[in-house]
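Structure, as structure tokens:
Just the heavy atoms: all of them, side chains too, but no hydrogens, waters or symmetry mates, feed the values below. Here, residue 1 is the first one in the sequence, and each next residue gets the next number.
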Amino acid sequence: MKRILLSAAVTALLLVPLACNFDQLLAEKVMVGTLLSTPDVDVSLVAMAGGDAGTLPDGGIPPGEERITIPGQTAAFVFLATRNGEQGTPEPVSDATVRIEVQNGGTIALDNNQSGTYGLTSAFGDDSGVKYVNGATYNFVAVHGGNSHVGQVKDAPALERIEALHPAGGYIRHMASQGLTLTRPSVAGGKARTLGFVTVFPLGDGGTKGQPTYTNMPKEPLDFLQLVTATGEWQQSTLSIPGSAFPEKDSNYLVVFQTAQLGGPQSDNLFTGSTLLVGTADLGLVHTQE
């Protein structure tokens with residue numbers, strides 16, 4: 001963990017212009033924050049059995065046909081730590097008050113989950129909970145010792161549609177243990193790509209999600225700090241999912257492609273390597289063949 005923080009600090013010092021904020025380079029507090037949204041998806045039971053059917057909204061499911069809804073969610077997460085822990089390792093800050101502010105919107109308080117982590121998960125579309133708004137600016141605010149530490153993400157991205165996840169039949173027929181390549185749409189106007197992450201979940205008969213069989217998203221809070229200096233890995237035009245993500249024959253898998261905007265510290269008292277992500281997801285159903 002110490003190496004990650006040091007690497008982010010050194011690289012930031014070398015790459016930023018001379019007018020950079022050196023207060024942030026020396027700041028003790030570091031924050032990792034994410035606000036990621038996944039929509040509900042309706043799936044035909046015929047499709048889950050490998051028959052001819054579709055998933056909403058791609059042409060819909062015929063009236064009267066049985067279907068299940070795989071519920072979406074919008075989840076906010078913050079990890080707050082001080083860089084001056086024992087032996088130089090980051091030490092979680094467990095007694096802060098953390099909230100997320102949406103520009104021209106509401107404020108959401110996050111629950112203290114101990115060990116420096118704070119979070120809240122809401123059903124997709126729940127206006128009273130964590131809400132995802134395209135184009136919005138999100139502030140991640142942690143108050144500790146009477147001081148506010150603020151990270152910010154501007155211009156939350158719109159859904160990025162991956163055509164391969166929406167074939168005419170409504171789902172992907174795929175051989176078990178075979179890799180799958182997703183191609184992202186081109187970016188207009190010379191803009192930089194948002195970051196793209198893929199996670200694959202096995203689905204039970206009732207549409208319940210199991211533990212991921214694959215993800216290219218960082219798994220530990222401090223691993224997210226690498227995004228500051230290695231964004232190119234998650235900005236490729238194609239994404240390769242290994243065959244190990246689809247291990248079982250005659251089974252269903254939910255592929256979640258998350259597009260996310262990267263942000264950073266807004267206040268001077270937050271380390272420059274702090275990493276904030278806000279994003280939304282496109283979904284696709286894969287049914288593996290015998």
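- For the pair P90 and A81, the tightest heavy-atom approach, listed with the atom from each and the gap, is CB-CB, 4.2 Å.
- Proximity of a side-chain donor or acceptor of Q261 to a complementary backbone N or O of D155 within less than 3.5 Å is detected.
- Side-chain atoms of N252 do not come within 3.5 Å of backbone N or O of P202 as any donor-acceptor pair.
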Ignoring hydrogens and angles, write down the donor-acceptor pairs under 3.5 Å from the side chains of residues 237-251, residues two or more places apart or on other chains.
from : atom 1 : to   : atom 2 : distance (Å)
D250 : OD1    : H287 : NE2    : 3.1
S251 : OG     : K249 : O      : 3.0

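- L277 and F271 fall within the same hydrophobic cluster, where Ile, Leu, Val, Met, Phe, Trp and Tyr residues are linked whenever their side-chain heavy atoms come under 4.5 Å apart, directly or through other members.
- Of the possible polar contacts, none joining the T34 side chain to the L36 backbone as a donor-acceptor pair under 3.5 Å is found.
- Nearest heavy atom pair, residue G273 against residue L225, reads O-CD2, 3.1 Å.
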Next on the checklist: V200 vs T215, test: side chain to side chain contact (heavy atoms under 4.5 Å, CB included). Steps then yes/no.
Outcome noted: CA-CA 6 Å; V200 179; T215 184; over 6 Å; no

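- Inter-residue side-chain proximity for T194 and Q235 is flagged as unmet; no heavy-atom pair is nearer than 4.5 Å.
- Side-chain N or O atoms of T272 include none that pairs as donor or acceptor with a backbone N or O of L25 at under 3.5 Å.
- L276 places a side-chain heavy atom less than 4.5 Å from the side chain of M31.
- Rounding to the nearest 0.5 Å gives a distance of 9.5 Å between CG of D23 and CG of N269.
- Shortest non-hydrogen contact noted between Q73 and T121 is OE1-CG2, 3.5 Å.
- Side chain of S267 to main chain of V150: a donor-acceptor pair is present (N/O by atom type, distance under 3.5 Å, no hydrogens or angles).
- Residues I100 and L80 are members of one and the same hydrophobic cluster, defined by side-chain heavy-atom contacts under 4.5 angstrom among Ile, Leu, Val, Met, Phe, Trp and Tyr.
- Here the CE atom belonging to M217 is positioned 4.5 Å from the CZ atom belonging to F197, to the nearest 0.5 angstrom.
- Remark: L120 CG to I108 CD1 distance equals 7.0 Å, nearest 0.5 Å.
- Open room surrounds NZ on K154; 12 or fewer heavy atoms of other groups in view lie less than 6.0 Å from it.
- Looking at residues two or more places apart in sequence or on another chain, you find a salt bridge (charged side-chain N to carboxylate O under 4.0 Å, His left out) between E163 and R161.
- A heavy-atom distance below 4.5 Å is found between the side chains of F201 and V256.
- Nearest approach of Q114 to N112, heavy atoms of both residues: N-OD1, 2.8 Å.
- In this structure, the side chains of T117 and V78 stay at 4.5 Å or more apart for every pair of heavy atoms.
- For residues 113-132, no pair satisfies ring-ring contact (aromatic ring centres under 6.0 Å, His included), with sequence neighbours left out.
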What pairs of donor and acceptor atoms, side-chain ones from residues 138-148 against any protein atom, are under 3.5 angstrom apart with sequence neighbours left out?
from : atom 1 : to   : atom 2 : distance (Å)
Y138 : OH     : K131 : O      : 2.8
Y138 : OH     : V133 : N      : 2.8
N139 : OD1    : Q152 : NE2    : 2.8
H144 : NE2    : D95  : OD1    : 2.8

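- Across every non-hydrogen atom of N216 and V198, the tightest pair is OD1-N, 2.7 Å.
- Counting only N and O atoms by type, the side chains of T69 and D42 include a donor and acceptor under 3.5 Å apart.
- With hydrogens and angles ignored, the 3.5 Å screen pairs no side-chain donor or acceptor of Q178 with any backbone N or O of H174.
- With rounding to the nearest 0.5 Å, the separation of CE in M175 from OG1 in T288 is 9.0 Å.
- Sequence neighbours left out, the pairs with a member in residues 101-110 that pass salt bridge (Lys or Arg N to Asp or Glu O under 4.0 Å) are R99-E101.
- To the nearest 0.5 angstrom, L254 atom CG is 5.0 Å from I70 atom CD1.
- Checking each of V255, L165, V41, L203 against L285 for a side chain to side chain contact (heavy atoms under 4.5 Å, CB included) leaves exactly one that passes, namely L203.
- At least one side-chain heavy atom of F257 sits less than 4.5 Å from a side-chain heavy atom of R184.
- The salt bridge (Lys or Arg N to Asp or Glu O under 4.0 Å) contacts involving residues 109-123 comprise nothing, where partners must be two or more places apart or lie in separate chains.
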Checklist entry - After noting the C-alpha distance and the side-chain angles of L35 and T74, does the key distance pass the side chain to side chain contact (heavy atoms under 4.5 Å, CB included) rule? => result CA-CA 7 Å; L35 189 148; T74 302; 3.9 Å; yes

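- Following chains of ILVMFWY side-chain contacts shorter than 4.5 Å, one can reach V278 starting from V98, so the two form part of one hydrophobic cluster.
- With contacts defined as side-chain heavy-atom distances shorter than 4.5 Å, the pair P221/F77 qualifies.
- Within the 4.5 Å cutoff, side-chain heavy atoms of W234 are placed close to those of L227.
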Checklist entry - Could you go step by step and tell me if L159 and T259 meet the side chain to side chain contact (heavy atoms under 4.5 Å, CB included) rule? => result CA-CA 7 Å; L159 185 147; T259 181; 5.9 Å; no

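- Both Y253 and L180 belong to a single network of hydrophobic side chains, linked directly or stepwise wherever heavy atoms of I, L, V, M, F, W or Y lie under 4.5 Å apart.
- Side-chain contact check for T137 versus V153: every heavy-atom pair is 4.5 Å or farther apart.
- Closest heavy-atom contact between A27 and D268: CB-O, 3.9 Å.
- To the nearest 0.5 angstrom, R83 atom CZ is 7.5 Å from L26 atom CG.
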